[in-house]
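Report on one structure; see the data block that follows.
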Amino acid sequence: MKKKLVACVLLTAMAVTTLAGCGSSGGNTASAEKEEYVPGEVDENGKVDGLMYAEGLPLVDEGEYSFSIFCDDSSSTGEFYMLDVFKEQTNVDVDLEIYAYENATEKLNLALNAGTYADVIGGWTLSDAMILTYGVEQGVFIPLEDIFEEYCPNISAILDLEGVREKMTAPDGHIYTIPYVCGDTTVGYSPYINSRWLENVGMEMPTTTDEFEAVLKAFKEQDANGNGDPTDEIPFSTDPNNKHLEAMAGYFGLPMNKNGLTVLDSGETAFAATSDTYREFLSWFNKLYEQGLVDSEIFTQDSATWEGKGNQDMYGVSIAYGSSEYAGYVVGTEKSEYDPLPVLNADNGGVWLRDTPGNSVYRTQAVITDNAEHPEIIARWFDNAFELENGIGCSIGPVGVVTFKEGDGYRQIDSSTLDADMQEKVSWSNLWPQSLPKYTPIGFKTIQDNPLYDEKKAVEEFYEPNLTEGVIDTPWIEMDSVEIYSEYASAIQDYFDQQQALFISGEQDVDDDAVWEAYKDGFEGLGLSEYLDIKGITTVVE
């Protein structure tokens, strides 16, 4: 059964890869000279091309314009409070095509292949490779810098922040995406452990990989969740869409990101997916898997299944952005029973990868496609979303409902004081599709009536002594390598993911030298050397 499950994973991944390599029938098939955007004439009614008001709100008369957005999101309702606010402000109708992350990539590839893609494509499904392929090469994603300069003062101001315009500008000199700039966490996904379970089995918080294994065994063999059934515990699992298992190679001294990259003490970005350290991690984690200490569905379950099992108190440890994502509790003013798992082996070289320096520029969160009529209206719609109070509404809660202007700042009330219906409407996941760009000034904070426990801040402070000094560098690649880079990147990423599943599940013996050498040779067969050369990475960790 185990082999069948992993085989399903590999077939799905290969199918997605094949689709991703197909060109769109709706766009250009080769790189072409980009046309400069020319603003329309403003008529006596103050409208551009007789449709969009050149200044102020609304943007158009009611019923005159609509556009579609494709994105991934995890909202339970698919309804977003701020979209209704923006409809009232702009008179623009938005048709939201929203999918769970695990389905969104396949849906997007199919749409791009068929030419039936939305006016706006957004979310975590986009990547540098897609911007280069569908923007720079094919013209499916259109350049936006001229529209921003003409119509979007908020976006232009964001682009003028230090380092932002440079990071947003593709190798051909154009900007294809709407910027998403924010203060960010230094620790994204990390393991959380149930301290109540620890107490139930009489164990201390583990600090080494050996102690961690002993704790997981106790979770499996005893009634750790205290429900009277000693057989329903799953010691370890992870977010299906953000597994971050390779990050735990940091316990052996070499933390990695999902692309197999690491950052060295010198600050240099290096490739580590063929290193002896990664192999050591895989061997250790395979032993955990073979003992039944790891979720048997770790490579096959979707988010709903993962969350469902977590809500039934079945997980002792899971990797997640925050423990509330799978543990079934409502974030409150006090710390929950979940604690961050320490960086293991910290006294013997254990280290965790620093995700960001404390802020981030996401350059692949939303594009406007060549299917969009009047892209300037769409750009202005997003620019309006970046107004301060609208940004507060998307990130914290709508002004006048959850947040209130107070002197020079804003006060945030305890949303639990609202009626149940409104509480659901203004819950964070229902404010705005959180995979799309939003903006509040970096460092912006509200005065909170009843501050919630800040688990991410606690994790950051706890992990800080054991984080890498630097972060992984992500420069754009050179123009003459755009087409071949996309092919390399897709094939190498799929291979890395597939082989990780095979090694951990035991379908391939990571301790067999011949198997490991064949694994390393597989990367070279997919063009690893050329891929790293294009990315400017000169070091492969042995």
Side-chain angles (χ1 to χ4, degrees), residues 40 45-99 117-123 144 147-148 151-155 158 177-180 365-369 371-405 410 415 418-419 421-440:
N45 297 315
K47 293 182 177 181
V48 178
D49 295 329
L51 178 62
M52 180 183 75
Y53 287 102
E55 297 179 353
L57 294 173
L59 300 180
V60 296
D61 290 328
E62 189 170 1
E64 289 295 308
Y65 186 77
S66 65
F67 70 94
S68 56
I69 299 177
F70 173 102
C71 70
D72 57 275
D73 201 88
S74 57
S75 165
S76 59
T77 65
E79 299 178 0
F80 300 95
Y81 190 97
M82 294 306 294
L83 288 182
D84 293 334
V85 172
F86 297 159
K87 162 63 177 173
E88 294 178 7
Q89 293 175 351
T90 66
N91 278 343
V92 173
D93 292 296
V94 174
D95 176 20
L96 191 63
E97 303 172 17
I98 190 167
Y99 298 93
Y117 43 85
D119 301 321
V120 172
I121 297 171
L144 300 173
I147 297 176
F148 291 158
Y151 295 113
C152 303
N154 293 320
I155 292 177
I158 292 169
T177 55
I178 295 163
Y180 184 4
Q365 293 304 118
V367 298
I368 300 177
T369 74
N371 277 347
E373 296 183 7
H374 302 287
E376 67 278 6
I377 300 178
I378 298 174
R380 280 192 65 195
W381 185 89
F382 275 99
D383 195 69
N384 176 64
F386 291 172
E387 289 284 348
L388 177 60
E389 291 197 351
N390 286 337
I392 292 171
C394 291
S395 297
I396 300 170
V399 176
V401 179
V402 175
T403 55
F404 297 85
K405 189 78 171 71
Y410 289 83
S415 60
L418 303 172
D419 65 63
D421 182 56
M422 183 57 72
Q423 283 185 50
E424 181 177 16
K425 287 182 178 179
V426 299
S427 65
W428 184 80
S429 63
N430 292 332
L431 291 174
W432 169 255
Q434 298 294 340
S435 64
L436 293 178
K438 55 185 178 176
Y439 182 72
T440 54

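Atom set for the values below is all heavy atoms of this structure, side chains included, hydrogens, waters and symmetry mates excluded. Given the structure is predicted, the values throughout are model-derived calculations rather than measurements.
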Residues which pass ring pair (Phe, Tyr, Trp, His ring centres under 6.0 Å) with Phe86, listed by chain and number, not counting sequence neighbours: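 For Phe86, the residues satisfying ring pair (Phe, Tyr, Trp, His ring centres under 6.0 Å) (neighbours in sequence not counted) are Trp381, Trp432.
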Got [X] and [Y] here, is their nearest side-chain heavy-atom distance under 4.5 Å?
{"X": "Phe386", "Y": "Pro437", "result": "yes"}
{"X": "Thr177", "Y": "Gln365", "result": "no"}
{"X": "Asn154", "Y": "Tyr439", "result": "no"}

Looking at [Y], is its backbone amide N or carbonyl O close enough to the side chain of [X] to form a donor-acceptor pair, meaning the two atoms are under 3.5 Å apart?
{"X": "Thr440", "Y": "Ile392", "result": "no"}
{"X": "Glu424", "Y": "Asn430", "result": "no"}
{"X": "Asn390", "Y": "Asn384", "result": "yes"}
{"X": "Ser435", "Y": "Gly122", "result": "no"}

For [X] against [Y], the heavy-atom pair lying closest together:
{"X": "Gly40", "Y": "Asp49", "value": "CA-OD1, 3.5 Å"}
{"X": "Tyr180", "Y": "Gln434", "value": "OH-O, 4.1 Å"}
{"X": "Lys438", "Y": "Ser395", "value": "CD-OG, 3.3 Å"}
{"X": "Leu436", "Y": "Cys71", "value": "CD2-CB, 3.9 Å"}
{"X": "Met82", "Y": "Pro398", "value": "SD-CB, 4.3 Å"}
{"X": "Ile147", "Y": "Ala379", "value": "CG2-CB, 3.6 Å"}

Tell me, please, which residues at least two apart from Lys87 pass salt bridge (charged side-chain N to carboxylate O under 4.0 Å, His left out).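 Partners of Lys87 by the salt bridge (charged side-chain N to carboxylate O under 4.0 Å, His left out) criterion, ordered by chain and then number, come out as Asp93.
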Which residues share a salt bridge (charged side-chain N to carboxylate O under 4.0 Å, His left out) with Asp421, sequence neighbours left out: Lys425
Listed by chain and number, what are the side-chain hydrogen bond (donor to acceptor under 3.5 Å, both in side chains) partners of Ser68, not counting sequence neighbours? Asp119
Test side-chain hydrogen bond (donor to acceptor under 3.5 Å, both in side chains) applied to Ser429 - qualifying residues, sequence neighbours left out: none
Euclidean distance, [Y] [atom2] relative to [X] [atom1], rounded to 0.5 Å:
{"X": "Ile121", "Y": "Glu97", "atom1": "CD1", "atom2": "CD", "value": "9.0 Å"}
{"X": "Ile98", "Y": "Asp72", "atom1": "CD1", "atom2": "CG", "value": "8.0 Å"}
{"X": "Ile377", "Y": "Asp383", "atom1": "CD1", "atom2": "CG", "value": "14.0 Å"}
{"X": "Leu431", "Y": "Leu83", "atom1": "CG", "atom2": "CG", "value": "10.5 Å"}

Do Ile178 and Phe148 pass the side chain to side chain contact (heavy atoms under 4.5 Å, CB included) test, and can you show the C-alpha distance, the side-chain angles, and the key distance before you say yes or no? CA-CA 9 Å; Ile178 295 163; Phe148 291 158; 4.1 Å; yes
Sequence neighbours excluded and cut-off under 3.5 Å, please list the side-chain donor-acceptor pairs for residues 57-67, or say none.
unit_1, atom_1, unit_2, atom_2, d
Asp61, OD1, Tyr53, OH, 2.7
Asp61, OD2, Lys47, NZ, 2.5
Tyr65, OH, Glu373, O, 2.3
Tyr65, OH, His374, O, 3.3

Working for side chain to side chain contact (heavy atoms under 4.5 Å, CB included), residues Val402 and Leu418: CA-CA 9 Å; Val402 175; Leu418 303 172; 4.2 Å; yes
Worked check of side chain to side chain contact (heavy atoms under 4.5 Å, CB included) between Ile396 and Tyr410: CA-CA 11 Å; Ile396 300 170; Tyr410 289 83; over 6 Å; no
